[in-house]
Undergrad: 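First, the structure itself, so that you have it in front of you.
Both counts, for ligands and for their atoms, begin at 1 and track the order of listing.
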Amino acid sequence: MLYDTQGPFRTMVDENTGQVDRSIFADQAIYEVELERIFARAWNFMCHETQIPKAGDFFLSFIGEESVIATRDKKGELQVLLNSCRHRGNAVCRAEEGNARSFLCTYHGWTYGLDGSLIGVPGYKDFYHEQLDKSQWGLVKAGKVASYKGFVFATMDPEAPDLEEYLGPVGRMGMDLLAEKGNLELVGGVQKNLIGCNWKLAVDNLFDWYHSQISHASAFISGFRPQLEKLSPEDQELARIADIGAGGARTLQRAVLGAYGHAIGGPRLTKIEREARAKLGDKVEILLYDDRFRELPKAQEVLGEVGIDTAGHPNIFPNLWMTGCQLALRLPRGPSTCEIWWFTFVPKEVSEERRKVIIHDANHLFGPAGLLEQDDGENWDQSTRAMRGVIAQRYPLNFQMGMGQTPVTVNEGVSYIDTSINEHPQLWTYRAWAEWMDADSWAQLKQTHSAPPKAGDLI
Ligand code: FES
Ligand code: FE
C-alpha cells in the first residue's frame, strides 16, 4: 500500500481500490469546504503579465467565487486585491479589464490606490471627524503574488509555500510546456462560458484520453478532425512509427505525478516520434499540437529528459490546464456549475499562417463554440445531474483502469510511468483533493500531503 494518510475526506477517495465517492461532485457542504480549504489556500492563476504591462492596467480574475483585481501599481509591482469595498462590500471594479488610476467605490465613494490602500473617504472630516484609521481599511490583499515566466498567480494564504516550491518539478514542467513554445503574447479576449457541471469533472476530463473516440465521434465524423484510419498514407506511416517506436501502444501514454496534486497525463512523444513528425513537415498541422518547439536547445534544456518527451495535458492543482497554445481555468460556481475561461497565446516567432491556425483551433476546439468542448460539456453536465440523487450517491465511481500494472520511474526528480491509456492522473488528483480537504492549514498540508511515488512503486 502506497498511501496511509487517513481523515474524513480520505474515506471518500480510495486509491487502493480505485473508488471515489459521488457526493464530492454534488454536496453543497463539501463544496463550501473546497472554497475554504482549496481555493482560498492554493496558488490561483490570475492572468498573463502581457495583460497588465503598465501601471494601472488591471484584469479581473477569481479566487474560487471571489472577484479579485490583478493590477500593477505605480512602482510596477504586481498586486492582487479583493474586489470588495471595506465599507459595505460593494465591488470597486466593474470592468473586466482596463487601466485605472485608482478604484472608486460607486456606493459612497471610498477610493483605493492601485496598491489597495484607502486614499479617499468622502466626509472624512465632517462625518468621521478624522477618526477613521485609513491605514487599516485598505482593500484585502493577496497573501502572496508571484509570476512564473510571465504567468501571474496569487494565493490568499500567506503561509503558502512560494510559487516555485508549490509548483515543484511537475508543476513547473507543466507551465514550461506552454512557456517554452516561444515569446508568448495573449490574443485579446478571454473566452468565458458556463457549463452545468462540477468543476472537478472538468479537471478530470483533461487527463482523459479514453473518451475521445466515443465523445468526439461527431467531430471525427464531421471531418473537422481526422480519424486515424482516414489519415493520409504519410500520417498512417507516422502512426505506425509512433506505435512501434519504443515499446508499442502499451507505452504510448505517460502519467507524471507531482506533489500537492499537480499532474500531467496523455501521450508521450519520444525523439523517434518527433523525427517522424518532422519528416512530415507541415502535415503536422493536422495534428492537434505543434511540437516543433521541442527541437529548440533552450526547450530541451529547460524541459529536461522527461519533459521533452511529455506531450500530455498538465493540470496545476487545483484548476489550471494547459493545452496547445491555450490555458484554461475551471472556476467553481456551486457544486453543479463551472465557469470555463480560455486564454489563447501565440508565440511571436510563428508565421502569420501558423498564427491563424492557432487562433482558428482556439475558437473551434474549445470554448463556447468549440466542437470538442460542446461534446465534453454535455457529458459533464449529465454526469453532474445523474450523480445528485440519493440512490446514485450510494455507489462509488470507478477509477480502476490500469491499477497496479506499472512500476514508477523517477528521473530528474520527476515520478512518472509510461503505459497505456489509464486513470492514474485523475486518481492522483482526487487523492490530493482529499488531502487538501482534510488539512486545516498550510502547516498541516505540508506535513500530510503525499510525496510523489518512489522509483519501483507499482501503481
Ligand atoms: Fe464602498 Fe460604501 S460600500 S463606499
Ligand atoms: Fe474531450
Undergrad: Would you say the Fe ion (ligand 2) has D376 as a near neighbour, meaning an N/O/S atom of that residue under 2.8 Å away?
TA: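 Yes.
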Undergrad: Distance under 4.0 Å to a non-hydrogen atom of W110: what atoms of ligand 1 satisfy this?
TA: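 Selected atoms, number and element: 4 (S).
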Undergrad: For the residue pair I308 and R294, what are the closest heavy atoms and their distance?
TA: O-NH1, 2.9 Å
Undergrad: Considering non-hydrogen atoms of the protein only, which is the closest contact for atom 3 (S) of ligand 1, and what is the distance?
TA: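 Heavy-atom neighbour on the protein nearest atom 3 (S) of ligand 1: R88 N, 3.2 Å.
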Undergrad: Evaluate the ring planes of F343 and F45, with Trp represented by its six-membered ring, and classify them as parallel (under 30°), tilted (30 to 60°) or perpendicular (over 60°).
TA: perpendicular
Undergrad: For residues H48 and K149, report the shortest heavy-atom separation together with the two atoms involved.
TA: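 Closest heavy-atom pair between H48 and K149: NE2-O, 4.2 Å.
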Undergrad: For K200 and Y430, work out which heavy atoms get closest and say how close.
TA: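 Heavy atoms only, the tightest pair is O-OH, 3.7 Å.
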Undergrad: Would R254 count as a cation-pi partner of Y416, with NZ or CZ less than 6.0 Å from the six-membered ring centre and within 45° of the ring normal?
TA: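 Judged by the rule (NZ or CZ under 6.0 Å from the ring centre, within 45° of its axis), R254 counts as positioned above Y416.
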Undergrad: Counting non-hydrogen protein atoms only, what is the nearest one to atom 2 (Fe) of ligand 1? Give residue, atom name and distance.
TA: H108 ND1, 2.0 Å
Undergrad: With heavy atoms of Y107 as the reference, note each atom of ligand 1 found under 4.0 Å away.
TA: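 Those qualifying, in numeric order: 2 (Fe), 3 (S).
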Undergrad: With a cut-off of 2.8 Å, does any N, O or S atom of C85 fall short of it relative to atom 2 (Fe) of ligand 1?
TA: no
Undergrad: With a cut-off of 2.8 Å, does any N, O or S atom of H87 fall short of it relative to atom 2 (Fe) of ligand 1?
TA: yes
Undergrad: May I ask you to list the atoms of ligand 1 that are less than 4.0 angstrom from any heavy atom of G109?
TA: 4 (S)
Undergrad: Do the side chains of F151 and L327 get nearer than 4.5 Å, heavy atoms only?
TA: yes
Undergrad: Which label fits Y112 and W110: parallel for a plane angle under 30°, tilted from 30 to 60°, or perpendicular past 60°?
TA: tilted
Undergrad: Which atoms of ligand 1 have any heavy atom of C105 under 4.0 Å away?
TA: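 What qualifies from ligand 1 is 1 (Fe), 3 (S), 4 (S).
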